[in-house]
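All values derive from a computational prediction rather than experimental measurement. What's counted below: heavy atoms across the whole structure, side chains too, no hydrogens, waters or symmetry copies.
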Amino acid sequence: MTTESAAAVDAQPQGPELVPGPRGVPLLGNLPQFGKDPLAFFELLRGRGTMVGWRFGRTSCVYLTEPDHIGELMREIEGTFDQPDLGIAFRTVMGNGVTVAKGRDWRRKRSLVQPSVRPKQVKSYAQTMASCAIEVAESWSVGQQVDIKKEMATLTRRIAVSTIFGVDTESDSEAIGEAMEVALKEIGAEFSGLGAVLPDWVPTPGRARIKKAAAVIDAEVDRIVAAHRDAPDERPDLLSRLLTAQDETGARLTDVEIRDEAVTLYIGGHETTSSTLVWAWYLLSRNPEVRAALGEELDRVLGDRDPGFEDYADLPYTQAVVKETLRLYPTIWLLTGLAKEGASIGGRPMPKGTRVWSSQWATHRDPRWYKDADAFRPERWTGAEGEEIPEYAWFPFGGGPRVCLGARFAMVEAVLILAVIARRFELLVDQKEIRPVPSLTLQPDREVTAVVRGRAGR
């Protein structure tokens with residue numbers, strides 16, 4: 001082999017083949033197709049190959065479909081991949097909290113926030129989770145029609161403001177909740193629309209609404225922080241823990257940092273759980289055999305009492321219902337990283353600046369990893385069906401060093417709420433199909449109403 005031919009072989013790309021995706025349009029690339037229906041677009045890319053090239057505006061992108069490659073991407077965030085800028089709308093609401101910060105700043109903030117959501121701390125919040133759910137359940141009556149989306153949002157919002165901010169009044173939860181609802185809706189609209197490629201300085205009606213909502217959030221958090229500082233005794237809520245947390249130098253979080261982390265925890269503790277529960281009731285309503293199996297476990301483990309944290313481990317099927325809901329309707333539906341110098345996936349080099357994507361929605365529904373992938377089958381998580389699911393074929397909370405800090409909080413909260421309500425009632429959601437709308441989180445496209453029905457035999 002000549003020197004020239006050897007050099008040519010060495011220059012050949014390594015790793016899996018990069019398959020071209022659908023043809024885009026000038027300047028915008030595949031953004032119009034992505035913006036029209038992001039979930040369908042990711043499913044389209046999934047069918048193209050292991051690694052698929054496409055363009056987000058002028059940015060070169062690679063979409064990953066193999067769990068091993070997805071895991072590699074998540075493990076390399078803060079290594080050979082960077083956390084990309086998610087846009088002015090996202091920054092306006094989230095600030096520079098732990099989900100946005102990078103490098104040394106991210107490591108410092110994570111070390112300060114993480115102790116607040118460790119299992120011991122989550123255990124201390126479980127009573128609030130169950131108590132709030134009990135109040136909601138006891139306010140319902142058999143035959144009543146309820147707006148499940150509204151009821152779950154109100155419930156998880158109350159839990160969030162109580163466990164995170166240490167306040168428990170309707171006015172406190174409503175002011176923050178209404179502003180958050182506007183902000184999250186606009187973040188999703190900007191991310192998948194033309195705003196995704198517009199410079200930050202370009203004014204749009206959506207950006208104006210986000211700024212207005214963020215101002216309300218800032219004022220409410222500032223007021224609550226001031227009340228905590230003036231309180232004579234330390235409180236058991238997450239905000240109090242953030243106020244007293246110190247890094248290795250003895251420095252504490254600034255007021256701006258406190259605001260950013262409190263908002264981040266609020267979204268993780270309210271928005272994600274609320275939407276997960278709505279999807280769970282929808283799926284349970286359409287699958288009576290799963291409802292029956294869930295009721296059997298709740299009767300056997302709890303009898304006539306309500307659950308506490310100590311029951312969590314004894315409710316594997318209830319946990320499986322939540323996990324299967326998160327598989328079919330993952331709250332966070334995409335993950336992305338920005339390649340640094342020397343980055344690679346599966347041995348294939350990723351040029352600096354390449355944006356690498358994966359999607360929980362498309363991966364969780366991939367028939368290569370799941371039998372009867374579109375079916376709601378919690379049994380696949382209990383070991384009863386012997387289904388072997390690859391690592392990183394299920395990643396609703398992300399993974400690697402930037403895995404969601406609130407994952408344990410969200411799982412415990414969803415399981416306890418589900419157990420409290422499903423022990424008493426069945427919720428029969430109207431049979432009209434509900435379609436998912438990808439905003440910052442995956443939301444139903446309409447109101448979700450249900451009739452409250454007493455459980456058979458109770």
Side-chain angles (χ1 to χ4, degrees), residues 83 85-118 121 124-125 128 157-169 171-184 186-187 200 207-271 402 404-406 409 440:
Q83 176 84 349
D85 181 6
L86 296 177
I88 187 172
F90 193 86
R91 293 197 308 273
T92 300
V93 177
M94 306 294 285
N96 193 41
V98 70
T99 60
V100 178
K102 302 175 183 179
R104 182 180 299 175
D105 184 38
W106 167 77
R107 288 188 288 274
R108 171 181 172 266
K109 288 176 177 175
R110 187 175 179 89
S111 70
L112 291 169
V113 175
Q114 192 166 27
S116 299
V117 288
R118 285 178 176 156
Q121 305 306 330
S124 70
Y125 309 136
T128 298
R157 185 169 64 224
R158 183 179 172 192
I159 292 170
V161 296
S162 180
T163 58
I164 296 170
F165 299 117
V167 294
D168 191 28
T169 67
S171 59
D172 286 314
S173 63
E174 281 187 4
I176 295 174
E178 289 174 1
M180 282 287 188
E181 186 175 347
V182 171
L184 295 178
E186 295 298 339
I187 287 174
D200 289 354
R207 289 176 177 181
R209 288 189 289 271
I210 288 173
K211 287 181 180 179
K212 183 177 179 181
V216 173
I217 294 167
D218 291 349
E220 286 297 308
V221 174
D222 287 348
R223 179 178 63 80
I224 295 168
V225 168
H228 274 61
R229 292 195 189 283
D230 293 339
D233 301 316
E234 183 178 341
R235 304 182 185 186
D237 52 80
L238 284 163
L239 181 57
S240 294
R241 299 183 191 282
L242 291 177
L243 288 167
T244 58
Q246 298 181 0
D247 63 21
E248 66 275 6
T249 69
R252 295 186 176 183
L253 292 165
T254 67
D255 282 354
V256 172
E257 290 173 328
I258 290 289
R259 177 266 179 210
D260 293 346
E261 301 309 337
V263 169
T264 299
L265 289 169
Y266 176 91
I267 292 174
H270 158 56
E271 181 71 15
R402 295 188 75 110
C404 176
L405 287 173
F409 184 105
L440 179 61

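Considering only residues two or more places apart in sequence or on other chains, Ala213 meets the side chain to side chain contact (heavy atoms under 4.5 Å, CB included) condition with Ala179, Val182, Ala183.
One finds the OH atom of Tyr125 at 13.5 Å from the CD1 atom of Ile159 (value rounded to the nearest 0.5 Å). Between the CG atom of Leu405 and the CG atom of Leu265 there is a distance of 7.5 Å, given to the nearest 0.5 Å. Here the straight-line distance linking atom CG of Asp260 with atom OG1 of Thr254 works out to 7.5 Å at 0.5 Å rounding. From Leu242, atom CG reaches atom CZ of Arg252 across 11.5 Å, with rounding to the nearest 0.5 Å. We find the CZ-CG distance between Arg241 and Leu112 to be 14.0 Å, quoted to the nearest 0.5 Å.
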**Request:** Could you please spell out the steps behind the side-chain contact (heavy atoms from CB on, under 4.5 Å) verdict for Gln83 and Val100?
**Result:** CA-CA 7 Å; Gln83 176 84 349; Val100 178; over 6 Å; no
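Closest heavy-atom contact between Ala262 and Ile164: O-CG2, 4.2 Å. Residue Thr163 comes nearest to Phe409 through the heavy atom pair OG1-CZ, 3.6 Å, listed as atom of the first residue, atom of the second, then distance. When every heavy atom of Ile217 is checked against every heavy atom of Arg259, the shortest pair comes out as CG2-NH2, 4.2 Å.
The local environment of NZ in Lys212 is sparse, with at most 12 non-hydrogen atoms from other residues, nucleotides or ligands closer than 6.0 Å.
By the 4.0 Å N-to-carboxylate-O rule, Asp105 lies close enough to Lys109 to be salt-bridged with it.
A side-chain contact (heavy atoms from CB on, under 4.5 Å) with Ile258 holds for exactly one of Asp222, Val263, Leu243, Ile224; it is Leu243.
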